[in-house]
Amino acid sequence: MFSFTINKKLGQARTGIIKTAHGEIKTPAFIPVATKATVKSLTPTQLNEIGFDAILSNTYHLYLQPGAETIEKLGGLQKISAWHKPMFTDSGGFQVFSLNDGLCKVDEDKVTFKSHIDSSKHEFTPEKSMQIQRKLGADLIFAFDQCLDINADYETTKESLARTHAWEKRSLTEFKKLNQDQKQALYGIVQGGRFKELREESAKFISSLDFDALSIGSIFGDPKEESFELVKHAMQFLPEEKTKHLLGIGAVEDIFNYVSLGLDTFDCVLPTRLARQGIVFFRPESGGNEANKFRYQTTKSKFKEDLQPIDNNCHCYVCKNFSRGYIHHLYKAKEILFNTLTTYHNLYFFKRMMDEIRDSIEDGSFEELKNKWLG
């Protein structure tokens with residue numbers, strides 16, 4: 001049921017189609033994060049109205065609440081959330097490590113950790129991550145890996161990489177047992193920290209295994225130039241024909257730069273999390289640029305009586321109907337609608353940007369579009 005087709009290439013940038021049992025994803029695509037089977041403050045109808053093809057939920061959080069067995073009994077993620085298009089779930093590995101302040105216990109077989117909800121004790125193995133993701137029922141799932149801080153030293157990273165490779169092989173073996181009906185597709189994850197030779201080793205190893213798709217992981221930090229070079233280096237050793245996902249990338253400039261390397265899909269909480277803080281995105285025609293990160297703060301008092309929309313060059317429902325002054329009022333009044341409107345606008349911004357990126361690759365004008373946005 002899963003396939004990936006490349007439609008058009010322009011340099012390394014490309015457009016394509018990921019086919020799943022629940023529909024198609026046009027790439028390059030930004031995938032909104034629905035951590036607990038919901039994109040915070042929006043309904044599936046609103047996400048459909050914006051035009052998204054897929055969303056991504058979190059294995060760790062759903063395992064803890066309400067539980068994979070409960071979700072399975074209720075019909076799976078798409079059924080309970082009324083999102084009838086493709087869904088991703090991550091493996092839970094990132095949250096196991098990041099939400100436990102590095103205090104989880106890791107051995108060659110498993111990770112032992114405490115719930116951030118009630119401090120109850122739990123274990124994740126590669127096999128268990130696959131079993132949980134099977135019960136959740138997403139179309140596109142990720143192998144279980146160990147996530148390290150980007151600043152980990154070489155020996156620590158090398159040791160972790162060996163463990164990650166063993167876990168990914170175990171993930172793949174368990175996945176094949178569970179996926180006899182071929183309802184799901186599994187992504188292998190390239191790790192290796194900030195070391196090019198380890199990224200290369202990981203890319204070659206993961207490419208040698210029978211994963212349906214590929215992703216590049218770990219925590220990418222500053223300087224961004226270093227992260228870009230690490231991804232660029234790893235991409236040389238990944239097969240062109242497989243779709244590739246970059247985990248946790250949501251800054252405008254990053255998306256343009258990584259699309260130019262041939263990445264197909266991206267997920268990040270950035271646009272939705274910032275929206276709830278009152279930070280909204282605006283286009284280059286309206287003054288958005290790399291210096292201001294294409295965003296500004298709506299909660300500032302200067303917007304109290306502002307009649308303009310969030311972005312004069314945006315065509316979303318929010319910008320067509322509401323002023324900055326009204327949105328500022330919602331914030332001051334602590335109205336829930338504030339989160340809905342800012343989130344809707346931010347996700348529309350990303351969806352429109354990705355549509356323009358796809359169109360520009362198709363018609364050969366990607367570099368012109370990139371220059372318009374990034375200068």
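These numbers were taken from a predicted model, which means no experiment stands behind them. Side chains are part of it too, since the values below use all heavy atoms of this structure and drop only hydrogens, waters and symmetry mates. This chain uses plain numbering: 1 for the first residue, then up along the sequence.
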Stepwise, does the side chain to side chain donor-acceptor pair (under 3.5 Å) test hold for Gln133 with Ser129? CA-CA 6 Å; Gln133 291 186 80; Ser129 176; 3.1 Å; yes
For residues 49-57, which side-chain N or O atoms pair as donor and acceptor with protein atoms under 3.5 Å away, sequence neighbours left out?
from  : atom 1 : to     : atom 2 : distance (Å)
Glu49 : OE2    : Tyr344 : OH     : 2.3
Asp53 : OD2    : Lys26  : N      : 3.0
Ser57 : OG     : Ala34  : O      : 2.7

Heavy-atom donor-acceptor pair, Asn289 side chain to Asn292 backbone, under 3.5 Å: yes
Should the heavy atoms of other residues, nucleotides or ligands under 6.0 Å from CD of Glu305 be counted, would the total exceed 12? no
Verify whether the ring centers belonging to Phe282 and Phe349 lie closer than 6.0 Å. no
If only atom types and distance count, is the side chain of Glu174 paired as donor or acceptor with the main-chain N or O of Gln131 below 3.5 Å? no
Can you give the donor-acceptor pairs under 3.5 Å from side chains of residues 328-341 to other protein atoms, not counting sequence neighbours?
from   : atom 1 : to     : atom 2 : distance (Å)
His328 : NE2    : Thr299 : O      : 3.3
His328 : NE2    : Lys300 : O      : 3.4
Thr340 : OG1    : Ser41  : O      : 3.1

Report the residues that fulfil ring pair (Phe, Tyr, Trp, His ring centres under 6.0 Å) with His122, sequence neighbours left out, ordered by chain and then residue number. Tyr63, Phe113
What pairs with Arg273 under side chain to side chain contact (heavy atoms under 4.5 Å, CB included), at least two apart in sequence or on another chain? Val269, Arg276, Gln277
With Gln308, which residues qualify under side chain to side chain contact (heavy atoms under 4.5 Å, CB included), at least two apart? Asp306, Asn312, Arg324
Only distances under 3.5 Å count here; give the side-chain donor-acceptor pairs of residues 368-375 to other protein atoms, sequence neighbours excluded, each with its distance to 0.1 Å.
from   : atom 1 : to     : atom 2 : distance (Å)
Lys370 : NZ     : Asn257 : OD1    : 3.3
Asn371 : ND2    : Glu367 : O      : 3.2

Any carboxylate oxygen within less than 4.0 angstrom of a Lys/Arg side-chain nitrogen, looking at Arg358 and Asp355? yes
